[in-house]
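Note that ligands are numbered from 1 as they come in the structure, with each ligand's atoms numbered from 1 the same way. Since the model is a prediction, treat every value here as computed from it, not as a measurement.
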Amino acid sequence: MNFQQKMLREDALKNKNIVVTGGGSGLGKSMTKYFLELGAQVAITSRNLEKLKTTAQELEEETGGKCFAIQCDVRNYDEVEKMKNEAIEKMGSVDVLLNNAAGNFISPTERLSANAFDTIIDIVLKGSKNCTLAFGKNWIDKGEKDKTVLNIVTTYAWTGSAYVVPSATAKAGVLAMTRSLAVEWAKYGIRFNAIAPGPFPTKGAWDRLLPGDLKDKFDLAQKVPLKRVGEHQELANLAAYLVSDFAAYMNGEVITIDGGEWLKGAGQFNLLEDIPEEMWDMLEEMIRKKKNK
Ligand code: HXC
Ligand code: NAP
């Protein structure tokens with residue numbers, strides 16, 4: 001099976017102007033590339049302008065699309081306002097906000113300083129809130145409709161997860177914001193959805209979540225029923241669909257794309273997968289024998 005096939009038809013995002021936070025690397029970059037291939041203009045934004053410029057140039061050369069690099073720390077509302085104005089100035093208008101920027105690292109929670117916890121909450125929750133408020137208010141004030149916000153969360157937004165507690169706390173907040181505003185701002189013609197990815201290898205995430213030989217000790221593919229990690233194009237296909245007009249009736253949804261990973265951890269008897277095939281005859285016999293006793 002080819003997991004790298006592109007799903008949408010050519011020009012599916014023609015005339016869409018998209019802002020991708022954290023678009024200079026990892027999944028943000030992969031989604032941006034596909035948006036450009038589908039005819040969108042994209043502004044990528046993060047703290048590191050040099051990285052953004054390099055990515056924008058690389059993606060323009062690869063796709064023939066138009067990609068703008070705008071510096072912005074999403075934790076700072078004034079910077080977000082400036083970034084929004086610059087994106088509008090460069091692209092004419094903005095139709096889609098993709099809240100993808102994040103910070104994360106593994107740590108026992110008792111080792112975290114108050115500032116360490118805040119840092120993650122500020123990037124993930126406050127950053128998504130800052131961008132949503134800046135772009136949302138602008139759309140509402142101008143009476144512009146047919147806008148959409150896509151938030152990247154995680155599957156532990158609803159299960160929680162040990163050792164990444166600030167991230168889990170913040171992503172849960174982003175999910176609540178997604179579902180709340182999907183209802184409240186529908187009247188302004190703004191849709192809200194979220195994607196909860198399972199493991200999709202990126203340097204940013206793997207350096208902070210699986211440093212050193214943890215990568216080999218904890219092979220995340222083994223936690224996934226489909227026994228593999230995700231391909232970036234698979235996520236990009238879903239994101240492109242959700243921000244496109246094909247998804248005009250999708251609102252308030254969170255779509256999990258994780259090969260079944262989180263459910264495997266949740267189902268009480270899923271651990272029976274470890275029972276060898278040849279043991280099942282014996283087990284069945286033992287259960288049947290008890291029937292009439
Ligand atoms: C404990 C740590 C720490 C660590 C930093 N801190 N790293 N504490 N263990 N490993 C503490 C610092 O000491 C400081 O607290 C506070 O956190 C802020 O650190 P700074 O380095 O000053 O922050 P900053 O420069 O803003 O960098 C933010 C960052 C960094 C989050 C720490 O890693 C970053 O820039 N990350 C961006 C990219 C990223 O994280 N990508 C991964 C997303 S993956 P004190 O008290 O000393 O001042 C993801 C996927 C989830 O979300 C699901 C995967 C399956
Ligand atoms: P990544 O490459 O590290 O992406 C994070 C991006 O956020 C970087 O480009 C970073 O750019 C930007 N960023 C961080 N702090 C910022 C700030 N204060 N202001 C603006 N931008 C900031 O990691 P990734 O794996 O692609 O993650 C992308 C998204 O997917 C995140 O929301 C993550 O939680 C989510 N996710 C990833 C996985 C996975 O398996 N990879 C799984 C579930 C969810 P700068 O450093 O230049 O600022």
What residue and heavy atom of the protein are closest to [atom], and at what distance?
{"atom": "atom 14 (C) of ligand 2", "answer": "A102 O, 3.3 Å"}
{"atom": "atom 11 (C) of ligand 1", "answer": "A116 CB, 3.6 Å"}
{"atom": "atom 28 (C) of ligand 1", "answer": "T119 CG2, 3.8 Å"}
{"atom": "atom 32 (C) of ligand 1", "answer": "F105 CE2, 3.8 Å"}
{"atom": "atom 2 (O) of ligand 2", "answer": "S25 OG, 2.8 Å"}

For ligand 2, which part of [X] has a heavy atom less than 4.0 Å away: the side chain, the backbone, both, or neither?
{"X": "V153", "result": "backbone"}
{"X": "P199", "result": "backbone"}
{"X": "K29", "result": "neither"}
{"X": "K171", "result": "side chain"}
{"X": "Y156", "result": "neither"}
{"X": "C72", "result": "backbone"}
{"X": "I123", "result": "side chain"}

When you compare ligand 1 with [X], is there at least one nitrogen or oxygen pair between them that comes in under 3.5 angstrom?
{"X": "W206", "result": "no"}
{"X": "S113", "result": "yes"}
{"X": "R208", "result": "yes"}
{"X": "R47", "result": "yes"}
{"X": "S107", "result": "no"}
{"X": "N104", "result": "yes"}

Given [options], which has its nearest heavy atom closest to [atom]?
{"atom": "atom 13 (N) of ligand 2", "options": "P197, A101, G26", "answer": "A101"}
{"atom": "atom 44 (S) of ligand 1", "options": "G230, A205, P108", "answer": "A205"}
{"atom": "atom 37 (C) of ligand 1", "options": "G26, A102, S25", "answer": "A102"}
{"atom": "atom 29 (C) of ligand 2", "options": "L98, D73, N100", "answer": "N100"}

Ionic contact status for [Y] with [X], cut-off 4.0 Å:
{"X": "K147", "Y": "D95", "result": "yes"}
{"X": "K203", "Y": "D207", "result": "yes"}
{"X": "K82", "Y": "E86", "result": "no"}
{"X": "E81", "Y": "K84", "result": "yes"}

Contact check, side chains of T132 and L181, non-hydrogen atoms, under 4.5 Å: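 T132 reaches L181 side chain to side chain.
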Are the side chain of [X] and the backbone N or O of [Y] linked by a donor-acceptor pair below 3.5 Å?
{"X": "N130", "Y": "V80", "answer": "no"}
{"X": "D258", "Y": "E261", "answer": "yes"}
{"X": "N270", "Y": "L263", "answer": "yes"}
{"X": "N151", "Y": "A194", "answer": "no"}
{"X": "T55", "Y": "G24", "answer": "yes"}
{"X": "N17", "Y": "S93", "answer": "yes"}
{"X": "N251", "Y": "R191", "answer": "no"}
{"X": "T21", "Y": "T45", "answer": "no"}
{"X": "W139", "Y": "V94", "answer": "yes"}
{"X": "K187", "Y": "E184", "answer": "yes"}

Can you find a protein heavy atom closer to [atom] than 4.0 Å?
{"atom": "atom 13 (O) of ligand 1", "value": "no"}
{"atom": "atom 20 (P) of ligand 1", "value": "no"}
{"atom": "atom 49 (C) of ligand 1", "value": "yes"}
{"atom": "atom 27 (O) of ligand 2", "value": "no"}
{"atom": "atom 35 (O) of ligand 1", "value": "yes"}
{"atom": "atom 16 (C) of ligand 1", "value": "yes"}
{"atom": "atom 7 (N) of ligand 1", "value": "yes"}

Derivation and outcome, ring pair (Phe, Tyr, Trp, His ring centres under 6.0 Å), residues W158 and W262: CA-CA 10 Å; W158 57 90; W262 87 268; 5.5 Å; yes
Show the atoms of ligand 1 that are less than 4.0 angstrom away from any heavy atom in [X].
{"X": "R75", "value": "26 (O)"}
{"X": "I120", "value": "31 (C)"}
{"X": "Y156", "value": "51 (C), 53 (C)"}

Record the part of L209 in heavy-atom contact with ligand 1 below 4.0 Å; permitted values are side chain, backbone, both and neither.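 It is the side chain that touches ligand 1; the backbone stays farther off.
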Answer with side chain, backbone, both or neither: which part of K203 has a heavy atom less than 4.0 angstrom from an atom of ligand 1? neither
Option among K29, K53, K33, K51 that satisfies the salt bridge (Lys or Arg N to Asp or Glu O under 4.0 Å) test with E58: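 Of K29, K53, K33, K51, salt bridge (Lys or Arg N to Asp or Glu O under 4.0 Å) with E58 is met by K29 alone.
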Of V183, L150, T178, the one forming a side-chain contact (heavy atoms from CB on, under 4.5 Å) with F192 is T178
Polar contacts were defined as any N/O atom of the residue lying under 3.5 Å from an N/O atom of the ligand; does this apply to [X] and ligand 2?
{"X": "G24", "answer": "no"}
{"X": "T154", "answer": "no"}
{"X": "W206", "answer": "no"}
{"X": "G28", "answer": "no"}

Taking the six-membered ring of F3, is the NZ or CZ of R228 close enough (under 6.0 Å from the centre) and on axis enough (within 45°)? yes
Quick one: does G103 get a heavy atom under 4.0 Å from ligand 2? no
Does G198 reach ligand 2, in the sense of a heavy atom lying below 4.0 Å from it? yes
Consider only side-chain N and O atoms of Y156 and S167, and report whether a donor and an acceptor are under 3.5 Å apart. yes
Under 3.5 Å, is there a donor-acceptor pair linking the side chains of Q233 and Q4? no
Quick one: does F200 get a heavy atom under 4.0 Å from ligand 1? no
Verify the cluster assignment for V254 and I195: are they in a single hydrophobic cluster under the rule of side-chain heavy atoms below 4.5 Å apart? no
